[in-house]
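The structure under discussion appears below in the form of structure tokens.
Sequential numbering from 1 along the given sequence is applied to the chain's residues.
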Amino acid sequence: MELTTSAAAASERVDRNLFDELVERHHKQAYNIAYRMTGNHADAEDLTQEAFIRAFRFFDQYRRELPFESWLYRIISNAFIDMLRRKPKVQVRSLDQPVSTDDGEAMPDIADESGGPEDQVISKEMDADIQAALSSLPPDFRLAVIYADIEGLSYEEIADAMRCSIGTVRSRLHRGRKILRDRLKSCGAFSEEGR
């Protein structure tokens, strides 16, 4: 009985060491995917943490012969979808629409969040436009575009991570890229000549 207990403890240490090594190796990539899915740092950190907590909790179910990234992508995708389900539905209001206050109606005060000229670097503006366009995509399209165009996954890997067929991946990618292209064109961040 003691031998079985010590063998189980040794196996648990090996699993824990392997898990720690995999977290170290894949943390940055997981965070980058989470950031592209959520569109902001705070939610990306929460999503990354939630994904690694789930990965640790179910690490005994991870099949060692399969790539860890694919398994982790599936966990991130599921955690992101769960996060979207928990968020309350946002009501969109026009900035021109008055807001009811105790004193009657008033126009909303909107802070100017733009920084000085040094903060207006073209790459940051482009990244903000791309992130805004990505964030506006339906979640399934967004995941497919992130996995294919940002992470460089194959159709098979995306299908495995999203638990759908390769045909569905191709359809989501095609439609997601088209919507993304149209949104980037409308904000002036993308032109036909630059394609």
Side-chain angles (χ1 to χ4, degrees), residues 1-87 123-124 127-128 130-177 180:
M1 181 70 178
E2 244 180 73
L3 183 61
T4 307
T5 305
S6 65
S11 175
E12 189 175 310
R13 276 194 305 276
V14 169
D15 281 353
R16 177 61 192 252
N17 291 340
L18 175 61
F19 182 78
D20 290 345
E21 179 184 315
L22 291 169
V23 168
E24 179 89 19
R25 190 177 324 148
H26 297 285
H27 185 272
K28 184 176 181 180
Q29 188 176 15
Y31 172 81
N32 288 337
I33 290 171
Y35 177 77
R36 291 299 179 186
M37 288 178 181
T38 62
N40 67 70
H41 295 291
D43 286 344
E45 288 173 356
D46 290 346
L47 180 58
T48 304
Q49 183 177 10
E50 176 64 23
F52 279 120
I53 288 170
R54 289 182 186 190
F56 181 74
R57 189 177 304 142
F58 299 105
F59 194 62
D60 61 324
Q61 296 176 15
Y62 165 58
R63 293 183 16 218
R64 305 301 194 266
E65 69 274 8
L66 298 176
F68 181 75
E69 308 86 60
S70 296
W71 186 68
L72 182 61
Y73 292 156
R74 184 177 308 127
I75 292 171
I76 293 171
S77 298
N78 291 338
F80 176 65
I81 290 167
D82 290 345
M83 179 187 279
L84 288 178
R85 287 182 183 144
R86 284 191 307 266
K87 281 190 173 183
S123 65
K124 285 188 178 183
D127 187 54
I130 291 170
Q131 186 58 52
L134 264 176
S135 295
S136 71
L137 292 177
D140 288 338
F141 294 175
R142 185 182 328 163
L143 290 174
V145 169
I146 289 169
Y147 286 154
D149 297 336
I150 295 175
E151 293 303 315
L153 299 182
S154 69
Y155 289 161
E156 291 82 9
E157 291 169 320
I158 298 169
D160 184 46
M162 295 182 72
R163 290 186 175 168
C164 63
S165 70
I166 291 175
T168 301
V169 168
R170 287 186 175 133
S171 172
R172 288 175 180 171
L173 266 174
H174 175 75
R175 293 172 63 195
R177 287 171 175 161
L180 192 61

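Atoms CE and CD1, on Met37 and Ile81 in that order, are 8.5 Å from each other to the nearest 0.5 Å. From Leu173, atom CG reaches atom CD1 of Ile166 across 11.5 Å, with rounding to the nearest 0.5 Å. The line from CG of Leu22 to CH2 of Trp71 is 9.0 Å long, rounded to the nearest 0.5 Å. Met83 CE to Asp46 CG: the interatomic distance, rounded to the nearest 0.5 Å, is 5.5 Å. Summarising the geometry, atom CD belonging to Glu45 is positioned 11.5 Å from atom OH belonging to Tyr35; distances are rounded to the nearest 0.5 Å. One distance of note links CG of Leu153 with CE of Met162; it measures 11.0 Å at 0.5 Å rounding.
For Gln61 (side chain) and Phe58 (main-chain N/O), no donor-acceptor pair under 3.5 Å exists by modelled atom type. Side-chain N or O atoms of Arg142 include one that pairs as donor or acceptor with a backbone N or O of Ser135 at under 3.5 Å.
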Practice item. Give the C-alpha distance, both sets of side-chain angles, the deciding distance and a yes or no for side chain to side chain contact (heavy atoms under 4.5 Å, CB included) between Phe80 and Glu50. Key: CA-CA 9 Å; Phe80 176 65; Glu50 176 64 23; over 6 Å; no
Review point. Given the rule in the side chain to side chain contact (heavy atoms under 4.5 Å, CB included) test, do Asp43 and Leu47 qualify, once you have shown the distances and angles that lead to the verdict?
Key: CA-CA 6 Å; Asp43 286 344; Leu47 180 58; over 6 Å; no
Point to revise | Audit row: Phe59, Tyr62, ring-ring contact (aromatic ring centres under 6.0 Å, His included) steps and yes/no | key: CA-CA 5 Å; Phe59 194 62; Tyr62 165 58; 5.7 Å; yes
Review point. Side chain to side chain contact (heavy atoms under 4.5 Å, CB included) between Glu157 and Tyr73: does it pass, once the steps are laid out?
Key: CA-CA 9 Å; Glu157 291 169 320; Tyr73 292 156; over 6 Å; no
Exercise for review: Tell me, with the steps shown, if Asp82 and Arg86 meet side chain to side chain contact (heavy atoms under 4.5 Å, CB included).
Suggested key: CA-CA 6 Å; Asp82 290 345; Arg86 284 191 307 266; 3.8 Å; yes
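Looking at Tyr147 and Ser77, their side chains do bring a donor and an acceptor atom within 3.5 Å of each other. Side chains of Gln29 and Glu69: a donor-acceptor N/O pair is absent below 3.5 angstrom, by distance only. When only modelled atom types and interatomic distance are considered, Asn17 and Asp20 share no side-chain donor-acceptor pair under 3.5 Å. Defined by atom type and a distance below 3.5 Å, a donor-acceptor pair is missing between the side-chain atoms of Thr168 and Ser171.
Between Ser70 and Asp160 the shortest heavy-atom distance is CB-OD2, 3.6 Å. Val169 approaches Cys164 most closely through the heavy-atom pair CG2-SG, 3.6 Å. Closest approach of Leu72 to Ala30, counting heavy atoms only: CD2-CB, 4.0 Å. Between Ile75 and Ala51, the closest heavy-atom pair is CG2-O, 3.4 Å. In this structure, Leu180 and Leu134 approach most closely via the heavy-atom pair CD1-N, 3.6 Å. Contact record, Ile158 with Ala144: CD1-O, 4.2 Å, taken as the closest heavy-atom pair.
Salt bridge annotation for Asp149-Arg36: absent, with no cationic side-chain nitrogen under 4.0 angstrom from a carboxylate oxygen.
The ring of Phe52 has its center no closer than 6.0 angstrom to the ring center of His26.
Looking at Thr48, Thr38, Ile76 one by one, the single match for side-chain contact (heavy atoms from CB on, under 4.5 Å) with Ile33 turns out to be Ile76. Tested against Asp140, the residues Arg172, Arg163, Arg175 include a single salt bridge (charged side-chain N to carboxylate O under 4.0 Å, His left out) partner, Arg172.
In this structure the side chain of His27 never reaches within 4.5 angstrom of the side chain of Asn32, judged on heavy atoms. Residues Phe141 and Arg177 are not in side-chain contact: their nearest non-hydrogen atoms beyond the backbone lie 4.5 Å or more apart.
Heavy-atom neighbours of Arg63 CZ from other residues, nucleotides or ligands within 6.0 Å: at or below the threshold of 12.
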